[in-house]
Amino acid sequence: MAKGITKRAQDYSQWYIDVVRKAELAEHSPVKGCMVIRPTGYGIWEKIQQHLDRMFKETGHVNAYFPMFIPESFLKKEAEHVEGFAPECAVVTHGGGKKLEEPLVVRPTSETIIWSTYKNWINSYRDLPLLINQWANVCRWEMRTRLFLRTTEFLWQEGHTAHATHEEAEEETMKMVRVYQRFAEDYMAMPVFVGRKTDSEKFAGALHTYCIEAMMQDGKALQAGTSHHLGQNFAKAFDVKFQDADKELKYVHATSWGVSTRLIGGMIMTHSDDNGLVIPPRLAPMPVVFVPIWRSDEQMDLVVGKAREITKDWDPLFYRIDDRDQYKPGYKFNEWELKGVPIRIEIGPRDVEQNTVVVVRRDTGEKIPMPMEGLREKLEALLEKIQQNLFTLAKQRMDENLHTVDSYDEYKQQVGKGGFFRVFLDHENPEVEAKLQEDTRSTVRCIPFDAPEEEGPCMISGKICKNRVIAAQSY
RNA sequence: CGGGGCGUAGCGCAGCCCGGUUAGCGCGCCUGCUUUGGGAGCAGGAGGUCCCGAGUUCGAAUCUCGGCGCCCCGACCA
């Protein structure tokens, strides 16, 4: 495997870029910071969309679309929101050859344009809850970019809901972060911590933010999805009121939640190895590739013909027969491994004679001889096994790199090596968080939901805290 | 915006310090033959604004000055 990709700790960034490039997922565009998603990468995004969209609809949401341009004044209506987003906004000042009366902001997120519209849609408690999602692109002018993880423009989904009560909005916020958790774990095979963001890390304009945090192979954290309880902040800023059953006029309660193409970056850094990309079966646009092996033209007809015969009733999106004549089998083996296809099937003259094929797992490299009969069912079962195995491996890695630390000295020593740290930290004190970040370049990733109850002194200030938080360096 | 590195064929790079044949190598590409169960071999071939500009010199990819662009590491963030 001399031509593979080497995953050394100090070269982790380079390794990541190599996987993205060599698997032909994406590349930088001529416009700095923007990304061209190639067909292979976009196919994975389509699978993510497909599963998530279904989960949203199962929980009562519908899709809609709102404009990309937002009048600058809209953004300014919610004070915290504008403060949080203004520095990273792209602004359009000219149109039709003339200077615009009011500049248009290219959406960094759509709360403002959506709430200015919801105002017209909501009059009565009978209009609630309003449960809408949109698939869109957004633009954030970040200083430093990295393919999939942080690009100037990126694709995402953003849900925006309106509710009659605080409790109902809270329930929605929690429900959606759990949907993200389920998606990450069951579809991406990526275990996550679920919890609440600290006040300094929460969404600009939210009461609080829930999130899922995943651990990459270098031990760094990746925020993989967020769900915000917006309270009545946007309803008040955009004057969205409804008349309740008790005849009172009330402001609605809002939530918003989103995940982005960053998930693809998370997938890469969770599963890929030195031979390239590893795609969890449920996200694989093409789960199975046949590599026929032949010597002569007659053998080629025989072997390729047999592969076509086996697959004649199969879903064409499930597999591909790689009958390209210009490459040798060894080349194809490596190429499909680089591109992360979960299962490769080798079929040669010997196999045809014995009515068997050789099935090769991308996750373990294991070669399994299988009879041609009932192959499709066996492959489905194996894909499920691979999916489970990838999750188990990632979960093991996360558990192994989860540390419980009480002394700040020890934390400072350990945190640079990667991993998540369960620590007592007075996250209600912004100075403590600021010191943590300055000393260690790490942050509180979340205050986890599913953690045992514990009490202890903050490792920086000594103040007694009711729960441990998860701290780590992050992307 | 700070600190480091780079810019030479489609891609990856050597050459530069110490100026001097026709600017070279690997991959890829084209042609032919042999190959095909883990990245094929041989032979022939195409492909260059040496980032841009100015200067020094008989002579610049190489030295000097100025510019532009990219990558990495920080501050900011999904």
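Just so it is clear: chains get the letters A, B, ... in the order the sequence lines come, proteins before strands, and each one is counted from 1. A quick note: this is a predicted structure, and the numbers were derived from the prediction, not measured.
With sequence neighbours left out, A:E433 forms a salt bridge (charged side-chain N to carboxylate O under 4.0 Å, His left out) with no residue at all. With sequence neighbours left out, A:N63 forms a side-chain hydrogen bond (donor to acceptor under 3.5 Å, both in side chains) with A:D53, A:N133. Judged as a side-chain hydrogen bond (donor to acceptor under 3.5 Å, both in side chains), and not counting sequence neighbours, A:H81 has no contacts. Taking the side-chain hydrogen bond (donor to acceptor under 3.5 Å, both in side chains) definition, one finds that A:R146 meets it with A:S13, sequence neighbours left out. Every residue two or more places apart in sequence or in another chain that forms a salt bridge (charged side-chain N to carboxylate O under 4.0 Å, His left out) with A:R178 is listed here: A:D450. By the salt bridge (charged side-chain N to carboxylate O under 4.0 Å, His left out) test, A:K435 is found to be paired with A:D439, residues two or more places apart in sequence or in another chain being considered. With sequence neighbours left out, A:S461 forms a side-chain hydrogen bond (donor to acceptor under 3.5 Å, both in side chains) with no residue at all.
Taking a pair as Watson-Crick or G-U wobble with both distances under 3.5 Å, RNA chain B forms stems of 3 or more consecutive pairs at B:1-7 with B:68-74, B:10-13 with B:24-27, B:29-34 with B:40-45, B:51-55 with B:63-67.
Base engagement by A:K367 is indicated by at least one non-hydrogen atom pair under 4.0 Å involving a base atom. Contact annotation for A:P87: no contact, since no heavy-atom pair falls under 4.0 Å across all strands. Counting any heavy atom pair closer than 4.0 Å across all strands shown, A:E142 reaches a base atom. The residue A:V358 sits close to a base: some heavy atom pair falls under 4.0 Å. The residue A:L222 sits apart from the nucleic acid: no heavy atom pair falls under 4.0 Å. If you check every strand for non-hydrogen atoms under 4.0 Å, A:S474 touches nothing. Across all strands shown, A:R146 has heavy atoms under 4.0 Å from sugar-phosphate atoms exclusively, and none from any base.
Spacing of P atoms, B:A43 relative to B:U62, comes out at 35 Å, to the nearest Å. As rounded to the nearest Å, B:G47 and B:C30 have C1' atoms that lie 11 Å from one another. Comparing the same atom, P, in B:G3 and in B:U56 gives a spacing of 32 Å after rounding to whole Å. Taking atom P in both B:G55 and B:C18, the straight-line distance is 24 Å, to the nearest Å. For B:C63 and B:C27, the P atoms lie 30 Å apart once the distance is rounded to whole Å. Only the P atoms considered, B:G44 is 26 Å distant from B:U49, to the nearest whole Å. The C1' atoms of B:U21 and B:A60 are separated by 16 Å, rounded to the nearest whole Å. Between the C1' atoms of B:G48 and B:U8, the separation comes to 8 Å (whole Å).
Toward the 5′ end of RNA chain B lies the nearest nucleotide of A:V352, the other residue of the pair A:E88 and A:V352 mapping further downstream. Comparing A:S260 and A:Q326 against RNA chain B, the residue whose closest nucleotide sits nearer the 5' end is A:Q326.
One interatomic measurement links the two molecules: CE of A:M300 to C1' of B:G37, which rounds to 17 Å at whole-angstrom precision. Between A:F203 atom CZ and B:C77 atom P there is a gap of 13 Å when expressed in whole angstrom units. Whole-Å rounding puts the A:Y475 OH to B:C76 P distance at 18 Å. The NZ atom of A:K22 sits 11 Å away from the P atom of B:G12 (whole-angstrom rounding). At whole-Å resolution of the value, CG in A:L149 and P in B:C72 are 11 Å apart. Residue A:Y331 contributes atom OH, which lies 13 Å from atom P of B:G41 at whole-angstrom precision. Spacing between atom CD of A:E24 and atom P of B:G10 amounts to 19 Å, rounded to whole angstrom units. What separates CG of A:D322 from C1' of B:G38 is a distance of 14 Å, to the nearest Å.
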Practice prompt. I would like to know whether A:F318 and A:V288 meet side chain to side chain contact (heavy atoms under 4.5 Å, CB included); could you show each step before the answer?
Written response: CA-CA 6 Å; A:F318 182 70; A:V288 172; 3.8 Å; yes
Item to complete: Before giving the answer on side chain to side chain contact (heavy atoms under 4.5 Å, CB included), spell out for A:L222 and A:L149 the whole-Å C-alpha distance, their side-chain angles and the decisive distance to 0.1 Å.
Response: CA-CA 9 Å; A:L222 184 76; A:L149 299 182; 3.9 Å; yes
Show me the donor-acceptor pairs, under 3.5 Å and distance only, between side chains in residues 37-51 of chain A and residues at least two apart or in other chains.
unit_1, atom_1, unit_2, atom_2, d
A:T40, OG1, A:E24, O, 3.4
A:H51, NE2, A:R282, O, 2.8

Could you list the donor-acceptor pairs under 3.5 angstrom formed by side chains in residues 185-195 of chain A, with sequence neighbours left out?
unit_1, atom_1, unit_2, atom_2, d
A:E185, OE2, A:V192, N, 3.4

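Not less than 6.0 angstrom separates the ring centroid of A:F66 from the ring centroid of A:W115. Ring centers of A:F449 and A:Y210: under 6.0 Å apart, within the cut-off. Separation of the A:H229 and A:H208 ring centroids falls under the 6.0 Å cut-off.
A donor-acceptor contact under 3.5 Å is not formed by the side chain of A:R140 with the base of B:C77. For A:E346 against B:G38, a side-chain-to-base donor-acceptor contact under 3.5 Å is absent. Checked by distance alone, A:R21 brings no side-chain donor or acceptor within 3.5 Å of a matching partner on the base of B:G12.
Taking the side chain of A:R441 as heavy atoms from C-beta on, and the options B:C71, B:G37, B:G74, the nearest nucleotide is B:G74. Each of B:G38, B:C77, B:G39 was ranked by its minimum atom distance to the side chain of A:E335; first place goes to B:G39. Taking only side-chain atoms of A:Q437, from C-beta outward, the nucleotide of B:C76, B:G38, B:C77 with the closest atom is B:C76. Listed nucleotides B:G38, B:C77, B:G37 differ in distance to A:D351; the shortest reach to its side chain belongs to B:G37.
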Listed pairs, N/O of protein and of nucleotides 30-32 of chain B, under 3.5 Å:
none

Name the pairs: protein N/O against N/O of nucleotides 33-36 of chain B, kept only if under 3.5 Å.
unit_1, atom_1, unit_2, atom_2, d
B:U36, OP1, A:R295, NH1, 2.7
B:U36, OP2, A:R295, NH1, 3.4
B:U36, O2', A:W294, O, 2.6
B:U36, O4, A:R295, O, 3.3

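Between A:S474 atom OG and A:M216 atom CE the span is 11.0 Å, to the nearest 0.5 Å.
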